[in-house]
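First comes the structure, then the notes that go with it.
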Amino acid sequence: MSKRVALLGGVVLAAACSDEELVDGIFTQQQWVQIQELSPLPEPPLDPTNRYQRDPLAAALGHRLFFEAAYAGPLQVGDDGRNGGLGMPGDTGKIACASCHEGPWLIDLRTNPNNVSLGANIIPRNAASMVNVAYYSPWIENDGLLDSLWSEAMVDVEFDLGFNSSRLRLAHVIYERHREGYEAAFGSLDPALDPTHAEAARFPADARPGSPEWDAMTPEDQDHVTEIFVNFGKALHAYLDRLVSRDAPFDRYVAGETDAMSPAAKRGLQLFVGKAACVECHATPHFSDDDFHNTGLAATGPFISTEEQGRYDRIDFLLAHEFNSSSRWSDDRSTGRLDGVVKDEALIGTWRTKGLRHVAETAPYMHSGQFATLEEVVEFYDQGGHDEGFHGTKDEIIQPLNLTTDEKADLVEFLASLTGRELPPELLREPSD
Amino acid sequence: MISPWLVAVAASCGPAADEAEAHGDQAPESEPSQTEGQHAEPDPAPSPAPSQVQLDRIEVRLGALAADNERLRQDNERLRQDNERLRAEGERIDQRVESLEHQQRASQQRLDGMLPLTGRLGGYLDVGAFWAAGNGSGVRPDTGHVVFPQYDGVLPDSWVLMGDPLSTQVNARGDPADTGDSLAVVFDPIDSGGKSSFIANALNLDVTTGVGDHLFIEGLVDLIPRSRDVSNQDGVFLGDYVDVKLAYLDYLVPTKRFELDLYAGKIDPVFGYEYRVQESPDRISVTPSLACRYTCGRPLGVKARAKFLASRALVLATSVTNGSSFREGFGFSNETDTNHFKTVAGRLSYRFDVGAGLELGASGQIGAQDLQPDDGVYQWQYGFDLHLDVRGVDLAAELVIGRADGATAPGEVECGSAPCLDFKTAYGLLGYRALNWLMPYVRVDWRDALHRHGAGFVYVSELVRVTPGVRFELGTHVAIKAEYTVNRELGPIPQFDNDVLSTSVVAQF
Amino acid sequence: MPPTAGSRHPPSTRVLRSTLATMALLGVVLVPDTLVAVAPGSVSGHVTIKRGRRDKKDRSNVLILVRGVPDSRPEPLAEPTVVDQTDKTFNPRLTVVPVGSTVDFPNNDRVFHNVFSVSRPATFDLGLYKSGTSKSVTFEQPGVVDVYCNIHPEMAAKVVVVDTEHYVVTGPDGAFTLDGIPPGTYTLVAWQAHGERYEGWVEVGAGKTTTLDIELREERWPHDRHTRKDGTPYGRYK
């Protein structure tokens, strides 16, 4: 008997020699190193293509312009009493950035159905949150339409489904309503932009490249207007650069506040960096690897195109784009962002990884807005994506995860712990002065 | 039969000898009684001399008396003989009755066994307590691709798993204490998270029915009580479940030259030795070996087992089944098949006459890979086993080597279309029945395996375990087992906490 | 006299136990008185066993007995004979005892055994008993008793109960000698556990030794499958 006890005792002693020291009793040292790569959230990355990114004057102008609707073109789809339309068809001056980016998290709270956004017409995409949007670098939008935030901010102006407007409309409105702010940040505007100016005819009221009015303009005047347009984008970028939400429970937890997260959220974190391997793509402190993946999503939903092939469809547009990082409007053409960007078939059906901060507040989800809840999103990934109905080849990393019901709930709980502090209200409303 | 002779000899010496002669060849039996009669009744006193007439009359009278006497004697003798004969007859009848009663009892017993069915409900309850170190799981992710950098960029680091997901098994069912970060072994029936816990491993029900002498039906079912999270609205969190382990019929073919059994249903496999002793009461140790996952699975199909030679020492078993003898809980195998190429398995063994037997066996198995729709993706394994039972020593050893080919589509990460598995595993279990109720044992098992599924997961296992334990038997119905498993990773895999202490109380009924 | 006649019978398909039972019933034989107290004779000889086409080297465990000897009332053995259980094997596998004798079945394994028989001459179930303990059976009826263990199907033994003292079991060389048989003509039986049986007349002369060589054919594929005590098969591979 005593021999047996001694034997077992010896075995126990031999076993008690592990160097595994767990953080908070949960995470291995290596896991903790990985977790620390997700927090804290630093300043948004500096984009050398916009030298005004941190310019307060530009940011102040951008703030105003975010709420400016005067330059919007005629609505194609009006309010039918249900869709949250912005006015009657043909109405102009009804659409602002803030029309589709409102509330504390700057998302579309208006359009019905909410998976898409109704500007001049229905934009068949789920509107992204503008909070922490400045962290995406360099690819902006789900399909990586552009390679800088400032150029992306410009795109919707002349996009018929968006503002259905033109750079001349915009230039006039800036001259008329934001001249002081603009000139403080970017320099003087041509007085001929004043419709009462003697040479006002040099700047037609509504013109953009491709229109006869635009072609009639001198190249110098064209450049001036385009510069205003570009500065509009850079000002908006400067504003968006300030829309940073930090100090989520997750950040406080990583900083050492062990009870900042619930046990379920901690389990979710472990799954996030472990078994579920979410962190493979949702990496970095803004939880996106800024890369493109085919998750095997069969896009569905009202107004959602099943033809879209994500990144692949946008490569030609991006490479030829007037305002890409290699264009003359870029403040640094040597970033090399477009080096090696080719229309590779491997990009068919790929979409850029979405950041996950305050994701719990930004339903619905996916570029199509087809999932109403995070539970559905987790379920989608747990299944290893859809089996068919998507374009291209599903990324091999999209695998069935075999998560239990509890584990899925834990993951959702963790995602909720990524919601940081709300922005100061003054940043979220139109400046009063 | 001899006694009349003796009586006759004695009579010839008596006083009535003359008279006996006078009566000539009268049966000698009559003499003794007459003599006795004279002795018994004293002679009457002589009266005055009788006349000749008187004498003649007396003579006649005496003659008549003697004749009467003789007749009575004969009657008496006849009755005596009858009596004797009847007594002997009675004895024989008694014997016969007793023999018939015996026969009847035996017949009744046989009859009960045959008509219409004879059924039995047996089973056992297996409860225990365990503790598994660390998080209860036998694997750890290669966080940061530190140990196996070759998988960096191929699949997430958390899906590169080192160790053996079944190395922390805590019961005879082979349930690991926790599946932890495991991906392929996704069924987490205990989910202990590395905490110590009591557990009701299974309430086992064994329903057996013999239909006549040649047909045997068995159903073996585990009722498994597991926690259910009642606060979970979905309410699907594992919960109690039923595991039908065996459901087959066995036709004992009445052959003379060899002994043949034909099975159909959910049957025991034919591979190796351990599957025969995997039920908790039969298993010496608490937990299965590392090899059991490949050899203990109970597939669906048909099987034949034949025992040859006069000694029945040569045994050949073959089966054709859905899928392999991999255990379902391992996640590699399934009951229903997904391909047409059924798994063919066989085992040939010879039992040497050493002690209760020294059995050496060789097994092989090949079929389409489990869970794969393609008949051209193969899975095979072969192995050798030894079992010696002599003078209280029970030694079992097995070696199993196998492979599932897997499949890779062009341009895909390796084994992306179907998982690949390469394994070598062996164990030796030595038990010594020191006393009727005490059996210390030690098991050493080893496994070296690479299990890959494209970008989905990689398991790199190389480990050795040493499991000392002790088994107490309280009577025939209760066994108490306790064992400690020292779990050591080999090769480049770093050590982590995954030792296991496990106990089990098994009560049979 | 038993009704059987002729010097050599074809192998009987009936099991021996029924023959012996018949023998028991007809055991009382009338013999002429003149033979009493005459010097007894003996029978000796050799048994050879054919297995297939070959002669079996081991000719042991053949029971030779002379039937019909008058007044053959064997005394039960004074001491119980032993059928040991070690390494899940009965040892010896064949035991021959006179009627009324007791056989001990000690368990020398460290596992439980359950010895039983459902044979007609002796139906018994000794129940489970453990190492170092023993249980006994007294055999009152002549015949062949198949003894099994209810747990271990591979355990099998035979106890043959005879109602004569004129019997002997051969050793490996197959030689046998039966002494002390009153002169006369009797039936000699040679019996083996698996295979045909010999039965023939033998004449025993006063003070003489009759020699007899017997050839037996052993069954090549002994059919020994049995069920448990309740008539059900043993079930899963053990």
Side-chain angles (χ1 to χ4, degrees), chain A residues 1 3-22 25-35 37 263 267 270-281 283 345-346 375 382 384 393-409, chain B residues 133-135 140-144 146 154-159 161 179-188 191 193 229 232-238 331 409 411-413 416 438 440 442 453-457 466-470 482-488 494-501:
Chain A
M1 210 59 170
K3 251 187 192 170
R4 189 168 48 80
V5 172
L7 173 68
L8 279 180
V11 168
V12 170
L13 282 178
C17 60
S18 172
D19 48 359
E20 219 178 27
E21 212 169 287
L22 298 178
I26 303 170
F27 302 100
T28 65
Q29 295 295 339
Q30 280 159 328
Q31 279 177 331
W32 193 246
V33 168
Q34 275 191 342
I35 289 165
E37 287 169 9
R267 291 195 298 270
Q270 180 147 43
L271 291 164
F272 189 87
V273 299
K275 182 173 171 183
C278 311
V279 77
E280 278 298 305
C281 297
E345 290 195 353
E375 281 81 359
D382 183 52
T393 308
K394 197 195 292 184
D395 199 306
E396 286 186 78
I397 209 173
I398 303 298
Q399 296 274 349
L401 300 172
N402 302 314
L403 301 175
T404 65
T405 306
D406 279 10
E407 286 176 331
K408 291 177 207 169
Chain B
N135 64 5
R140 295 292 185 276
D142 183 17
T143 308
V146 175
V154 179
L155 70 167
D157 57 357
S158 55
W159 295 354
L161 294 155
T179 55
D181 296 298
S182 209
L183 284 155
V185 181
V186 293
F187 182 57
D188 199 354
D191 200 14
D229 185 358
N232 183 345
Q233 269 194 326
D234 297 342
V236 294
F237 171 76
L238 196 56
E412 204 179 35
V413 177
L438 175 67
V442 64
H453 191 187
F457 60 75
V466 179
T467 308
V470 65
E483 68 183 32
Y484 188 93
T485 299
V486 180
N487 220 331
R488 286 290 169 267
Q495 296 307 322
F496 51 88
D497 287 344
N498 56 347
D499 287 357
V500 181
L501 174 67

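No experiment lies behind these values; they were computed from the predicted model shown. Quick note on labels: first sequence line is chain A, next is B, and so on, each numbered from 1.
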Which bit of [X] is near chain B, if near means a heavy-atom gap under 4.5 Å: side chain, backbone, both or neither?
{"X": "V273(A)", "answer": "backbone"}
{"X": "A409(A)", "answer": "neither"}
{"X": "Q31(A)", "answer": "both"}

Practice problem: Without swapping roles, check the side chain of E396(A) against the backbone of V413(B) for a donor-acceptor pair under 3.5 Å. | Solution: yes
Quiz item: Counting heavy-atom pairs under 4.5 Å to chain A, which of A455(B), S158(B), G180(B), P156(B) comes out on top?
Solution: P156(B)
Practice problem: Sort D157(B) into side chain, backbone, both or neither according to what part of it lies under 4.5 angstrom from a heavy atom of chain A. | Solution: both
Quiz item: At a heavy-atom separation under 4.5 Å, does V154(B) approach chain A through its side chain, its backbone, both, or neither?
Solution: neither
Pairwise distance [atom1]([X]) to [atom2]([Y]) - rounded to 0.5 angstrom:
{"X": "N402(A)", "Y": "T179(B)", "atom1": "CG", "atom2": "OG1", "value": "10.0 Å"}
{"X": "D191(B)", "Y": "T404(A)", "atom1": "CG", "atom2": "OG1", "value": "7.0 Å"}
{"X": "I26(A)", "Y": "N135(B)", "atom1": "CD1", "atom2": "CG", "value": "11.5 Å"}

Quiz item: Do W159(B) and Q399(A) have side-chain heavy atoms sitting under 4.5 Å apart?
Solution: yes
